[in-house]
Colleague: 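Can you read through this structure? Questions will come right after.
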Amino acid sequence: MKADPRSPHRPQVKNPNTAGADSLVVQESGERPHWCVVAYWEEKTRVGRLYSVQESSLDIFYDLPQGNGFCLGQLCSDNKSQLVQMVRAKIGFGVQLTREADGVWVYNRSCYPIFIKSATLDNPDSRALLVHKVFPGFSIKAFDLDKATSLRRPNDHEFTQQPRTGFTVQMSFVKGWGQCYTRQFISSCPCWLEVIFNTR
């Protein structure tokens with residue numbers, strides 16, 4: 001895994017967006033187009049609405065005192081699973097998404113590992129995408145713009161609501177999934193995110 005340590009004092013989002021509508025294409029007049037939308041899931045259930053991102057950086061965290069941006073703790077969830085509640089409590093400062101010149105980086109601001117699956121993290125000829133573990137205080141280029149243009153298949157995710165021509169990155173908090181874990185599918189993970197990129 002190519003993960004680089006980044007300073008925990010990276011610039012934070014100063015002007016957070018409000019939660020976006022479920023449409024991926026509707027934009028208010030005068031607004032900058034979004035470069036991605038974020039969906040939060042608990043197991044097989046999406047919680048809240050899609051969050052549209054126009055700023056170059058976005059913090060995704062659980063409690064309001066821990067950042068500005070997408071606060072997962074403000075979303076209404078009916079999930080009573082003890083495992084889901086335990087993982088929720090560990091999200092803490094969560095992650096930061098940053099759009100840079102070479103792609104989109106994910107920085108792990110929490111105290112626990114996160115797990116990421118992306119079409120641009122692996123060999124494009126591989127039969128299945130690997131899940132990459134990112135430790136606290138490290139970052140990874142989760143979406144490579146140059147690689148994305150040459151990919152014939154944007155994803156092989158088993159559980160996604162993205163347009164067929166789009167690219168997504170899936171990441172889970174605390175619990176991993178895939179070949180090396182007891183959970184084979186991300187829909188079995190307690191708390192996870194789907195980042196859907198606007199490639200138009």
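What's counted below: heavy atoms across the whole structure, side chains too, no hydrogens, waters or symmetry copies.
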Colleague: Say whether, by atom type as modelled, one donor and one acceptor occur between the side chain of Asp59 and the main chain of Gly69 under 3.5 angstrom.
Modeller: no
Colleague: In terms of hydrophobic clusters joined by side-chain contacts under 4.5 Å, are Phe135 and Ile91 together?
Modeller: yes
Colleague: The criterion is ring pair (Phe, Tyr, Trp, His ring centres under 6.0 Å); which residues satisfy it with Phe173, sequence neighbours excluded?
Modeller: none
Colleague: Hey, are the side chains of Lys175 and Leu83 touching, using non-hydrogen atoms and a 4.5 Å cut-off?
Modeller: yes
Colleague: Is there a side-chain contact between Phe197 and Val169 in this structure, where contact means two heavy atoms from C-beta onward sitting under 4.5 Å apart?
Modeller: yes
Colleague: With a 4.5 Å limit on heavy-atom distance, are the side chains of Tyr40 and Cys191 in contact?
Modeller: yes
Colleague: Could you tell me how the ring of Trp41 sits relative to the ring of Trp192: parallel (under 30°), tilted (30 to 60°) or perpendicular (over 60°)?
Modeller: parallel
Colleague: Taking side-chain contact (heavy atoms from CB on, under 4.5 Å) as the criterion, tell me which of Val131, Leu193, Leu121, Leu129 meets it with Ile116.
Modeller: Leu121
Colleague: May I ask you to test the Phe61-Cys71 pair for a side-chain heavy-atom distance under 4.5 Å?
Modeller: yes
Colleague: Any heavy-atom pair between the side chains of Arg109 and Ile60 that's under 4.5 Å?
Modeller: no
Colleague: Yes or no on side-chain hydrogen bond (donor to acceptor under 3.5 Å, both in side chains) for Ser52 and Gln54, after CA distance, side-chain angles and deciding distance?
Modeller: CA-CA 7 Å; Ser52 180; Gln54 287 87 32; 3.0 Å; yes
Colleague: Could you tell me which residues satisfy salt bridge (charged side-chain N to carboxylate O under 4.0 Å, His left out) with Arg88, sequence neighbours excluded, listed by chain and number?
Modeller: Glu42
